[in-house]
Amino acid sequence: MTQPTNLLHVDMDAFYASVMIRDRPDLHHVPVIVGGGHRGVVLAANYPARAYGVRSGMSGYEARRLCPKAVVMPPDFELLVPVSKAIRETFRSFTPVVEVVSLDEAFLDVRGAARLFGPPEAIAQRIRSRIRAEHGIPCSVGIARSVSVAKLASRRAKPDGVLTIPPERFVEMVHPLDVGELYGVGESTRERLHKLGLITVGDVAKFPVDQLRRMLGRHLGGHLHSLVWGTDRTELHPGGAGTWGFGEGTPEGSMGSQHTLAADVRDRDDLLRELLRLSSRVAARLRAADKIGTTVAITIRYSDFRTISRSRKLPEPTDVTQDVYDTAVLLLDALGHWAPDVSRPPAVRLVGVRVEGLRRRVPEAGRQLALGERDPGWPDADRAIDRATGRFGHTAVRRGSLL
DNA sequence: TCTGGGGTCCTTAGGCTG
DNA sequence: TCTGCAGCCTAAGGACCC
């Protein structure tokens, strides 16, 4: 039985930039870059900026070099998130089966919407008109049978277009493309395949799947095989969490925060202050989400961009700032960079703190104290800080050591 | 005075245990 | 007591996504 071409991938065009300049007609025809401040990367660039070669993901430094006259602005999430939520409601007025990927894109299964709204192409055009009329933002839509092909189609429909890749035309339309165009094949995998002489999607399709598995690993090899034949996932997971946690799902995996320092740092005390700030932020987010985690991990990026991570499992899961911070300090010191016999510690560019192995917190009432559980004063202090920051904002309370 | 921050998933290696 | 093995867990790192 052949499955219908019923998946839509809707992707806003330069979403961050489109929203940020929507109410600024004076900026519509000048290059605008969102993000890309000091040591940052470009989150989005409008089409006038792209004409200069500015791309999202590029360093702000490089973007400003390519287009010195561009207007650079930081992203305003208080503006972006409500627009994103409103657009999701527009999607849901067409179908209840919506899988949110991120702030600016979603998959829609329109199988049940044909009687009301017509074929997928007609639905795509209606969605585009409504989003433009209601939110003033252009978007592109890809239509296909599977998730990866719909995503590929929307990418190729940009800007402001619609593209359908039906199964019977998949080979003709997709096999000539570079294998790096596939959703899930990044720079690293693309390079490995190219070195093997596998340049196009069709090249990989002709390659024996068991050899792919041997070379790329069982999982990636099998997955790549499904991608090059367009036979990956066809069912959506409605209410998907979204990569940035703005979705409605309840991600169980991990929560973390990392920060690139304004300047590289060698001093242990400076790093401890940053670890404390990050630990406070992560623990507060855990408490707000009613989660506790079993493992604390730190990430260190040195000035040469070498990045390492170290992690440690805790005896008891926690959402307490002090627990997260203490473990982070243990992990940092275990690197040995600040031992007494080390004359010049390495320069650190970025530090991160992450709590993994998340689960729902057991309510306090009826919870048994673990043997040897320490002073409950820190959780009380955390709750007091949460209450104060909830009322007066994040600058209201700050630990003495952060001042 | 180049290269963010938030995640997920997979692979690999080594230790432990039965 | 030693060895080999399978299975599980932990830790580290890499790749990928937006």
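Lettering of chains follows the sequences in order, A, B, ..., and the numbering in each one begins at 1. Note that the coordinates shown come from a computational prediction; the quantities given were computed from them, not determined experimentally.
A:Met255 comes within 4.0 angstrom of the backbone, heavy atoms only, and of no base. Counting any heavy atom pair closer than 4.0 Å across all strands shown, A:Gln258 reaches a base atom. Residue A:Gly256 is in sugar-phosphate contact alone, with no base atom involved, counting any heavy-atom pair closer than 4.0 Å across all strands shown. Within the 4.0 angstrom heavy-atom criterion, only backbone atoms of the sugar-phosphate kind lie near A:Val185; the bases stay farther away. Within 4.0 Å of A:Arg65, counting heavy atoms only, lies no atom of the nucleic acid at all. Among the heavy atoms of the strands, none lies under 4.0 Å from A:Ser56. Nucleic acid contact for A:Arg301: sugar-phosphate only, since backbone atoms but no base atoms lie under 4.0 Å from a heavy atom of the residue. Nucleic acid contact class of A:Arg306 (heavy atoms, under 4.0 Å, all strands): none.
Stacking between A:Phe305 and the base of B:dT3 is present: ring centres sit under 5.5 Å apart and the planes differ by under 30 degrees.
A:Gln258 pairs with exactly one of A:Ile298, A:Val282, A:Leu350 by the side-chain contact (heavy atoms from CB on, under 4.5 Å) rule, that one being A:Leu350. Among A:Glu134, A:Arg22, A:Met12, the single residue meeting the side-chain contact (heavy atoms from CB on, under 4.5 Å) criterion with A:Val83 is A:Arg22. Screening A:Ser148, A:Ser154, A:Ser140 for a side chain to side chain donor-acceptor pair (under 3.5 Å) with A:His9, the sole residue that qualifies is A:Ser154.
Following rounding to the nearest Å, A:Asp264 (CG) and B:dT1 (C1') show an atom-to-atom distance of 10 Å. If you take CD1 of A:Ile298 and C1' of C:dG13, they are 14 Å apart, rounded to a whole angstrom. Taking atom CG of residue A:Asp304 and atom P of nucleotide B:dT1, one finds them 20 Å apart after rounding to whole Å. The CZ atom of A:Phe107 sits 12 Å away from the P atom of C:dC17 (whole-angstrom rounding). Following rounding to the nearest Å, A:Arg55 (CZ) and B:dT3 (P) show an atom-to-atom distance of 20 Å. Protein atom NE2 of A:His223 is 21 Å distant from nucleotide atom P of C:dG14, rounded to whole Å.
Applying the side chain to side chain contact (heavy atoms under 4.5 Å, CB included) rule to A:Ala144 yields the partners A:Val149, A:Ala150; only residues at least two apart in sequence or on another chain are considered.
Side-chain proximity of A:Val101 to the nucleotides C:dC16, B:dG6, C:dC18 is greatest for C:dC18. For A:Arg281, the side-chain atoms get nearest to B:dG6 when compared with the rest of B:dT3, C:dA11, B:dG6. For A:Tyr61, taking side-chain heavy atoms from C-beta onward, the closest of the listed nucleotides C:dT10, C:dC18, B:dC2 is B:dC2. Taking every side-chain heavy atom of A:Ser311 into account, C:dA12 is the closest of C:dC18, C:dA12, B:dG4.
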(request) Dump the intermediate steps for side-chain hydrogen bond (donor to acceptor under 3.5 Å, both in side chains) on A:Thr327 and A:Arg312, then the final yes or no. (result) CA-CA 7 Å; A:Thr327 312; A:Arg312 173 181 282 231; over 6 Å; no
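One finds a salt bridge joining A:Glu235 and A:Arg111 here, because a Lys/Arg side-chain nitrogen approaches an Asp/Glu carboxylate oxygen to under 4.0 Å.
In this structure, C:dC2 shows a glycosidic angle more than 90 degrees from zero, which is the anti conformation.
A residue-by-residue look at A:Ser59 and A:Leu278 shows that A:Ser59 has its nearest nucleotide of DNA chain B further toward the 5' end. When the nearest nucleotides of DNA chain C are assigned to A:Arg312 and A:Tyr183 by heavy-atom distance, the more 5′-ward of the two goes with A:Arg312. Comparing A:Arg354 and A:Gly37 against DNA chain B, the residue whose closest nucleotide sits nearer the 5' end is A:Gly37.
Between A:Thr95 and A:Phe91, every side-chain heavy-atom pair lies at or beyond the 4.5 Å cut-off.
Between A:Val201 and A:Asp178, the closest heavy-atom pair is CG2-O, 3.9 Å.
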Hey, what are the protein-to-nucleotides 10-15 of chain B N/O distances that come in under 3.5 Å?
{"unit_1": "B:dC10", "atom_1": "OP1", "unit_2": "A:His219", "atom_2": "NE2", "d": "3.1"}
{"unit_1": "B:dT11", "atom_1": "OP1", "unit_2": "A:His219", "atom_2": "N", "d": "2.9"}

